[in-house]
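Everything below concerns the one structure shown next.
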Amino acid sequence: MFLSACAGLRNYVPAGPPLSSTAREAWLASSAEPVGQGPTEAVPVPPLQLFAVHYDADIVIEPVHDTWQMHELARVVVGDEALWMAKDSDHDGVQTVTAELDDLETWLPEVPVPRRTGPVQVTEHSASSPLDIALAWPTREGQQAAVTFRATQSPRDEKKRNTSTFNHSRQAASVLLDVRRKRLGGVQATVGYDDAPHPIRRVLGLVPVKALLVQTQGGVAAASFAARREDDGLTLERPFPGEPWPTRGSEAWSWDGTGGTGVLTHTAFGTTHTLRFVEGGLASARVDVDGLSAAGFELELSAPLPDVTRPFSGPVVRHFAARVNGQPHGHGVVAVRADGEAVVVDLTPHAPWWFADRPVQSVITPTPQGWRVESRVAGLDIAL
């Protein structure tokens, strides 16, 4: 029992950068042999799906419950409107989002978590400091969940911000978290279901899990899309036709480059994706979120990957390093190989441990209309 508790306790212990700045530079300085495919006039196709999400207020509560491991109530900005959404995580780590937003499945479709359109009733006794709020929403089990919460946001940035993802949404994304600010002490909170109060879990039986965070999430997501080349870019349709998927979208990505060297960009829902290519191979990428001074997520590579739409000699191995909200939170290896007509991209994180637990495999296949891209995390079915 003690060992089990200690294993769970490490989820609550934040870390710093897994590599020093010198070690990070050395990591990105190796595995840089050129691919040698040469220039191309074709618009590149993204081999991986990146994402970033920021919450300027994130309420976290862990109930003692047979179904629910954690509830998060997060304030997000959609267009010019700020709204609260509920994220309910069960003990298998499947996280379901509930929000009162039309066409919820089209909002940030690159983040393929299950979603339910439903009312999140909010009573704000104070919208500033301290945050004093009551929220109620229907869970996917048909219960009416309710939370009251009062806390003052921490005025200082955390010294260690690299934080575990627990087992949340493991089927949907390989995630790094930057918890910039965190308030644990002086938090008043209650949780209940169908008008009945419920206890809040205590770590090691001592510390109740109730917190107010400022956090940014970023990483590599499971994906399913059809990519079709246009004169000035790409059209992405999510999901690939016939593939069961929790989100959907139709996106126009703009290309600015020549000879396969340039940038592919897309902006929607306050998020801008910028992918830089060299001779058709992904060289670096970033996802910017409105309101953040640094990139929500940034991927650095030791050298460009191969162009996944043309033949190459392989496998090709690259080192990568990742930043979330400007913080150097993770690193690992990307290997690219041909498998018949398909190209397989294996992204294997090395650190931190919760990132290493979520390798991503992406398979890019030619179709009569363009390309099919299917990415999965840790070999899991997105429908879990």
Heavy atoms, side chains only, cut-off 4.5 Å: are [X] and [Y] in contact?
X: P246; Y: I382; value: yes
X: V207; Y: L184; value: no
X: E279; Y: D307; value: no
X: P47; Y: L305; value: yes
X: W68; Y: H198; value: no
X: Q171; Y: P114; value: yes

Under 30°, 30 to 60°, or over 60°: which ring-plane class applies to Y193 and H65, parallel, tilted or perpendicular?
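Judged by the thresholds at 30° and 60°, the geometry between Y193 and H65 is tilted.
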Relative to the ring of H266, is the ring of H273 parallel (under 30°), tilted (30 to 60°) or perpendicular (over 60°)?
tilted
Taking [Y]'s backbone N and O only, do any of them form a donor-acceptor pair with [X]'s side chain (distance below 3.5 Å, no angle check)?
X: R376; Y: A223; result: yes
X: H319; Y: S31; result: no
X: R150; Y: H125; result: no
X: R318; Y: A303; result: yes
X: Q327; Y: R161; result: no
X: S375; Y: L48; result: no
X: D256; Y: V263; result: no
X: T274; Y: R286; result: no
X: W137; Y: V122; result: no
X: R310; Y: Q37; result: yes

Ring centroid separation F149 to H71 under 6.0 Å
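Judged by ring-centre distance (under 6.0 Å), F149 and H71 do not meet the cut-off.
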Verdict with supporting geometry, T365 and R372, side chain to side chain donor-acceptor pair (under 3.5 Å):
CA-CA 5 Å; T365 309; R372 177 177 184 171; over 6 Å; no
With a 4.0 Å cut-off, would you call R170 and D357 a salt bridge?
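A salt bridge links R170 with D357.
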Salt bridge flag under 4.0 Å for residues R115 and E105
no
Relative to W353, does R10 satisfy both conditions: NZ or CZ under 6.0 angstrom from the six-membered ring centre, and within 45 degrees of the ring's axis?
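Output yes; distance and angle both within limits.
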Among K210, R201, R202, find the one that has a salt bridge (Lys or Arg N to Asp or Glu O under 4.0 Å) with E62.
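So the option named by the test is R201.
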When T216 is tested against each of R180, H54, H329 for side-chain hydrogen bond (donor to acceptor under 3.5 Å, both in side chains), which residue passes?
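Testing T216 for a side-chain hydrogen bond (donor to acceptor under 3.5 Å, both in side chains) against R180, H54, H329 leaves exactly one candidate, H54.
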Trace of the side chain to side chain donor-acceptor pair (under 3.5 Å) decision for T265 with S254:
CA-CA 5 Å; T265 58; S254 299; 4.7 Å; no
